[in-house]
There are 2 protein chains.
Amino acid sequence: MLAENINYKDVLKKEGMKSTKHRFAILELLEQSESPLTAEQLFIMLRAKTASINLSTVYRTLDTFTSKNLVLKSSRVDDGKVRYELNQHEHKHHLYCVSCHKLISIEECPIGELKQTLKNKIDFEVTGHNLEIYGYCHNCRKVHNNNAQ
Amino acid sequence: MLAENINYKDVLKKEGMKSTKHRFAILELLEQSESPLTAEQLFIMLRAKTASINLSTVYRTLDTFTSKNLVLKSSRVDDGKVRYELNQHEHKHHLYCVSCHKLISIEECPIGELKQTLKNKIDFEVTGHNLEIYGYCHNCRKVHNNNAQ
DNA sequence: GGAGAGAATGCAAATGGAATGCATTTGCAA
DNA sequence: TTGCAAATGCATTCCATTTGCATTCTCTCC
Ligand SMILES: [Mn+2]
Ligand SMILES: [Mn+2]
Ligand SMILES: [Zn+2]
Ligand SMILES: [Zn+2]
């Protein structure tokens, strides 16, 4: 048992889930990843790492994690694929570079005031939100500017 | 030819698209709809209206419209279905009631300041964004409050 | 108005991400 | 250690969307 899995063992137990090597492996990969991963990406990484896991297991595990709120799902119109990331219980959003497809996490969130406005104006009680921002990252802006000269 | 289609005829022509009854019918339905529709929803409505259209045609038409920027695509993690709406060229967002699944359009947008912040802090140039807000609508709040008493 | 060319459509089949039924294995509580 | 429920593997299915190809339709040019 790896040291970094010990805390996850407790987490799983608390949620009434059994501890398995696959689950640890998936949690570990999600933890190390800087951006949300598709089931298939995880599957390929797992094959290289754990050897022998089934894609169904990846999907089922991610579903279970999602239902226990350990993992967050998201989807872009881009490709029809769902992406999964560890729920760090921190509020954040993603910047998506339309040029190099990099995802950048940010902590800024502009919803606060709007939330109050909606409550006052139309009595809508906000419980959550999704914000995705598209544009050009620092690198791609540099490249683009150079080409334009 | 219906009166309301005359302007669309010009729009299609300007985009180099041929004018067909299917395209007019789809544009008309999207125009009348208050919230984004799936290809299948459109298909069913079209069957009732135009009689005889093929689902592939619906998809192909929506794709073409999207590429010409007449139509906007969106997707929620919810069900695996993509939704389409007319591009009204007005900036808006949707409130999604998690209780009654109603979609409410709003014009407020809180991105403005954030845009500048991102430019200054990490040189990210925002070109677009998606914001979806979840919560309880006025009606569902009333019902919920009454039940709780 | 009537060709002719190219675009749009219908139809059937394919694709591909995700879900599922069932037999087998595994984790874990007693 | 044993027994049972949960987890997994494997094959199959599901279902939204896409695609190939034959046919039909639009629109331009005469
Ligand atoms: Mn936020
Ligand atoms: Mn906005
Ligand atoms: Zn970039
Ligand atoms: Zn509601």
Side-chain angles (χ1 to χ4, degrees), chain A residues 1-2 5-6 8-27 36-47 49-68 70-84, chain B residues 1 5-6 8-27 36-47 49-68 70-71 73-84:
Chain A
M1 189 71 52
L2 297 174
N5 292 152
I6 289 176
Y8 279 131
K9 189 164 189 169
D10 294 341
V11 173
L12 294 181
K13 186 164 195 174
K14 184 161 57 179
E15 298 288 352
M17 305 172 67
K18 292 184 176 173
S19 290
T20 71
K21 60 178 177 182
H22 290 330
R23 286 177 173 173
F24 288 136
I26 288 174
L27 287 170
L37 300 172
T38 66
E40 177 128 32
Q41 287 175 316
L42 274 166
F43 175 63
I44 290 167
M45 297 163 85
L46 286 162
R47 279 267 154 122
K49 180 182 176 175
T50 315
S52 170
I53 184 174
N54 195 279
L55 186 54
S56 324
T57 304
V58 179
Y59 277 110
R60 277 192 282 228
T61 302
L62 291 170
D63 267 8
T64 309
F65 285 169
T66 302
S67 73
K68 306 290 187 187
L70 297 182
V71 155
L72 299 175
K73 280 171 85 167
S74 60
S75 73
R76 287 199 300 273
V77 157
D78 231 4
D79 51 8
K81 298 178 190 171
V82 174
R83 283 175 170 75
Y84 302 84
Chain B
M1 191 70 52
N5 293 151
I6 289 175
Y8 279 130
K9 188 163 189 171
D10 293 340
V11 172
L12 295 182
K13 184 163 195 175
K14 185 162 53 178
E15 298 289 351
M17 306 172 66
K18 292 184 175 173
S19 291
T20 71
K21 60 178 177 184
H22 291 330
R23 286 176 173 173
F24 289 137
I26 288 174
L27 287 170
L37 300 172
T38 66
E40 177 128 34
Q41 287 176 318
L42 275 166
F43 175 63
I44 290 168
M45 296 163 85
L46 286 163
R47 277 267 153 124
K49 181 182 173 172
T50 315
S52 170
I53 184 175
N54 195 278
L55 186 53
S56 324
T57 304
V58 178
Y59 276 110
R60 276 192 281 229
T61 303
L62 290 170
D63 267 8
T64 309
F65 284 169
T66 302
S67 74
K68 304 290 187 187
L70 297 182
V71 156
K73 280 172 85 167
S74 60
S75 74
R76 287 197 300 273
V77 157
D78 233 3
D79 51 7
K81 299 177 189 169
V82 174
R83 283 174 171 75
Y84 302 84

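So that the names make sense, note that chain A is the first sequence line, chain B the second, and so on, each numbered from 1. Everything numeric here is computed off the predicted structure, so don't read it as measured data.
Within the structure, every side-chain polar atom (N or O) of T61(B) is placed at least 4.0 Å from both OP1 and OP2 of dA8(C). For dG10(C), the OP1/OP2 oxygens have a side-chain nitrogen or oxygen of H22(B) closer than 4.0 Å. Between T20(A) and dA7(D), a side-chain N or O to OP1/OP2 separation shorter than 4.0 Å is absent. Contact check, S56(A) against dA19(C): no side-chain N or O comes under 4.0 Å of OP1 or OP2. Between T38(A) and dG17(C) there is no side-chain polar atom (N or O) within less than 4.0 angstrom of OP1 or OP2.
When the P atom of dA16(D) is taken as reference, atom CG of L55(B) falls 9 Å away, rounded to whole Å. In this structure, the CG atom of D63(B) is 13 Å from the C1' atom of dA16(D), given to the nearest Å. Atom CG of N54(A) is separated from atom C1' of dG21(C) by 14 Å (rounded to the nearest Å). dT19(D) atom P lies 13 Å from atom OH of Y59(B), rounded to whole Å. Between the CD atom of E15(B) and the P atom of dA8(C) there is a distance of 12 Å, given to the nearest Å. Rounded to whole angstrom, the span from the NZ atom of K73(A) across to the P atom of dA18(C) amounts to 8 Å. F43(A) has its CZ atom 9 Å from the P atom of dG9(D), to the nearest Å. Taking atom CZ on R60(B) and atom C1' on dA8(C), their separation rounds to 8 Å, with Å as the unit.
Of the residues listed (V58(B), T38(B), I26(B)), the one engaging F43(B) in a side-chain contact (heavy atoms from CB on, under 4.5 Å) is V58(B), and it is the only one.
Nucleic acid contact class of K21(B) (heavy atoms, under 4.0 Å, all strands): none.
Side-chain atoms of T61(A) come within 3.5 Å of backbone atoms of T57(A) as a donor-acceptor pair (strictly under, hydrogens ignored).
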Steps toward side-chain contact (heavy atoms from CB on, under 4.5 Å) verdict (T66(B), Y84(B)): CA-CA 9 Å; T66(B) 302; Y84(B) 302 84; 4.2 Å; yes
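Residue-to-nucleotide proximity on DNA chain C shows that, of K18(B) and I53(B), the 5′-proximal contact is made by K18(B). Both V82(B) and T64(A) sit near DNA chain D, but only T64(A) has its closest nucleotide nearer the 5' end.
Minimum atom distance to the side chain of K81(B) is reached by dA16(D), of the listed dT26(D), dA16(D), dG17(C).
Counted within 6.0 Å of NZ on K13(A), heavy atoms from surrounding residues, nucleotides or ligands total 12 or fewer; the atom is thus considered open.
Looking only at side-chain heavy atoms (C-beta outward), R23(A) and L12(A) come within less than 4.5 Å of each other.
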